[in-house]
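Structure, as structure tokens:
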Amino acid sequence: MKSTTEFAYAKLNLALDVTGVRENGYHDVRMIMQTVDLHDTLTLYASDTPGITLSVGDADLPAGPGNLVYDAAQLLMTKCNVQRGVRIVLDKCIPMAAGMAGGSSDAAATLRGINRLFELGLTTEQLQKLGVTLGADIPYCVGGGTALAEGIGEIVTPLPAMPRCHILLVKPPVGVSTSFVYKNLDMDTIQHPDVDGMISAIRSGNYVGVTSRLGNVLESVTLAHCPEIATIKTQMQSLGADGVLMSGSGPTVFGIFPTKSAASFAYMHFKVGPYGSETYLVQPLQP
Ligand code: ATP
């Protein structure tokens, strides 16, 4: 039976700005996205029997509609009139409802995997256009790497790789609903991050320029419901992080360290603490 394996990588937001709210409630964003080497794994098997079968292991997720893997497979197979079936095995490692786009990345990996498995020949742009109908982060996740995402997330401009560094991820034990956070964002009091300065710093490989410009307008909203975010940030700073920020709608906090030894020291500190089960040491990745 023909099969293919896709890695679905987690992302961080080095910068996240909201520039407006549309009449339909969607938010216009400017986000600097960065893939890191923490991933879910999807294995897709072609079958001659039509239909989609999904295994999610012990993940607390539906194994049918409502799982972005299932929804993405159905969308692409319907669109391309695929008459065969697929069995997908999802192995989850990315924390859920954490601000790391685990679901969006799974959906993007599914689109890539189905496209390859059935030799459908869709371009990256075509997969991105389909993906945005399921979620605003999916177009970015199709290609990953370092990128600027604008519009509602569907306008993706690739950027050069960010400067080499080591990144510590710590997720407090709460899940955060992305829509709740956006609904509670007060556009009048937003402090906009320097997204253009961040882009210049990335283009010129300026490590300090990047770490000094980390900014996320959603952080204060989530912080009000999850004070652990502030505690984790302070601890990471005292352990030598050059920049700390909440990713996406949170609550995951990341710290950027210049050396592996500094990052490992901080990792060990958090690993034996209350958030140890969701503490990860990662690096930026250009897939
Ligand atoms: P983002 O950073 O894009 O806001 P997130 O990391 O906050 O995403 P996800 O882990 O992507 O959040 O999941 C958001 C919701 O999507 C979850 O509450 C979950 O019920 C649903 N979902 C559907 N399919 C998946 C999947 N394959 N993996 C994770 N979550 C999924």
Side-chain angles (χ1 to χ4, degrees), residues 6-16 18 26-27 29 31-36 38-44 52-76 86 88-114 128 131-142 144 147 149 152-154 156 169-185 216-219 221-222 225-226 229 245-254 278 280 282:
E6 286 285 337
F7 292 150
Y9 290 101
K11 67 84 183 143
L12 301 175
N13 298 92
L14 300 178
L16 194 162
V18 176
Y26 286 11
H27 290 76
V29 292
M31 306 187 290
I32 309 282
M33 321 285 268
Q34 176 62 55
T35 301
V36 295
L38 172 68
H39 64 83
D40 296 341
T41 305
L42 290 91
T43 312
L44 301 92
I52 301 163
T53 316
L54 174 61
S55 312
V56 297
D58 54 12
D60 185 16
L61 282 171
N67 191 311
L68 284 160
V69 171
Y70 187 98
D71 297 343
Q74 189 171 52
L75 180 70
L76 183 52
V86 66
I88 306 175
V89 178
L90 169 64
D91 183 8
K92 279 268 350 144
C93 285
I94 304 173
M96 292 195 277
M100 288 191 276
S104 302
S105 191
D106 288 350
T110 305
L111 296 175
R112 293 194 306 266
I114 298 275
Q128 288 175 324
V132 77
T133 64
L134 293 175
D137 279 349
I138 297 175
Y140 159 73
C141 289
V142 169
I152 61 160
E154 83 285 15
V156 180
L169 306 175
V170 178
K171 179 187 169 285
V174 284
V176 171
S177 151
T178 303
S179 64
F180 172 86
V181 175
Y182 273 100
K183 274 188 199 131
N184 283 278
L185 179 67
N216 178 350
V217 298
L218 304 180
E219 193 177 70
V221 183
T222 308
H225 300 272
C226 182
I229 290 169
L245 190 70
M246 184 188 84
S247 181
S249 50
T252 303
V253 175
F254 66 93
E278 296 205 281
Y280 307 86
V282 300

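Every number for a ligand or one of its atoms is a count from 1 in the order of the listing. Side chains are part of it too, since the values below use all heavy atoms of this structure and drop only hydrogens, waters and symmetry mates.
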Asn67 contact mode with ligand 1 (heavy-atom cut-off under 4.0 Å): both

Minimum side-chain heavy-atom gap Thr222-Phe180 below 4.5 Å: no

Those residues that, when tested against Glu6, pass side-chain hydrogen bond (donor to acceptor under 3.5 Å, both in side chains) (two or more places apart): Arg112, Arg116

Numbered atoms and elements of ligand 1 in range of Ala98, under 4.0 angstrom, heavy atoms: 5 (P), 6 (O), 7 (O)

Any non-hydrogen protein atom less than 4.0 Å away from atom 17 (C) of ligand 1: no

Leu111 to Leu76 - nearest heavy-atom pair and separation: O-CD2, 3.4 Å

Heavy-atom closest pair, residues Pro251 and Val176: CD-CG2, 3.5 Å

Sub-4.0 Å atoms of ligand 1 with respect to non-hydrogen atoms of Asp106: 26 (C), 27 (N), 28 (N)

Within-cutoff protein neighbour (heavy atom, under 4.0 Å) for atom 29 (C) of ligand 1: yes

Side chains of Val18 and Tyr182 in contact at under 4.5 Å (non-hydrogen atoms): yes

Ligand 1 to Leu61 polar contact by distance, N or O atoms, under 3.5 Å: no

Atom 2 (O) of ligand 1 [closest protein heavy-atom partner, distance rounded to 0.1 Å]: Ala101 N, 3.1 Å

Over all atoms of both residues, closest heavy-atom pair of Met246 and Asn216: O-ND2, 2.9 Å

Which of the ligand 1 atoms, numbered from 1, are nearer than 4.0 Å to a heavy atom of Lys11: 2 (O)

Heavy-atom closest contact (Leu42 atom, Ala8 atom, distance): CD1-CB, 3.8 Å

Residue part near ligand 1, for Met100, under 4.0 Å between non-hydrogen atoms: backbone

Heavy-atom nearest neighbour in the protein, as seen from atom 10 (O) of ligand 1, with distance rounded to 0.1 Å: Ala97 N, 2.9 Å

Nearest heavy atoms of Ala73 and Ile114, plus distance in Å: CB-CD1, 4.0 Å

Pairwise side-chain contact, Leu12 with Leu169, heavy-atom cut-off 4.5 Å (strictly under): yes

Contacting atoms of ligand 1, where contact means under 4.0 angstrom from a heavy atom of Gly66: 23 (C), 24 (N)

Polar contact flag for Leu68 and ligand 1 (N/O pairs, less than 3.5 Å): yes

Any non-hydrogen protein atom less than 4.0 Å away from atom 23 (C) of ligand 1: yes

Ligand 1 to Gly103 polar contact by distance, N or O atoms, under 3.5 Å: yes

Which residue and heavy atom of the protein sit nearest atom 3 (O) of ligand 1, plus the separation: Asp137 OD2, 2.7 Å

Atom 7 (O) of ligand 1 [closest protein heavy-atom partner, distance rounded to 0.1 Å]: Gly99 N, 3.0 Å

Would you be so kind as to tabulate the donor-acceptor pairs closer than 3.5 Å made by side chains of residues 101-109, with sequence neighbours excluded?
from: Ser105; atom 1: OG; to: Tyr9; atom 2: N; distance (Å): 3.0
from: Ser105; atom 1: OG; to: Tyr9; atom 2: O; distance (Å): 2.6
from: Asp106; atom 1: OD2; to: Lys92; atom 2: NZ; distance (Å): 2.9

Per-atom contacts of ligand 1 with Lys92, taking only distances under 4.0 Å to non-hydrogen atoms: 28 (N), 29 (C)

Structural part of Thr178 in contact with ligand 1, heavy atom criterion under 4.0 angstrom: side chain

Check: Met33 and Cys141 side chains under 4.5 Å, non-hydrogen atoms: no

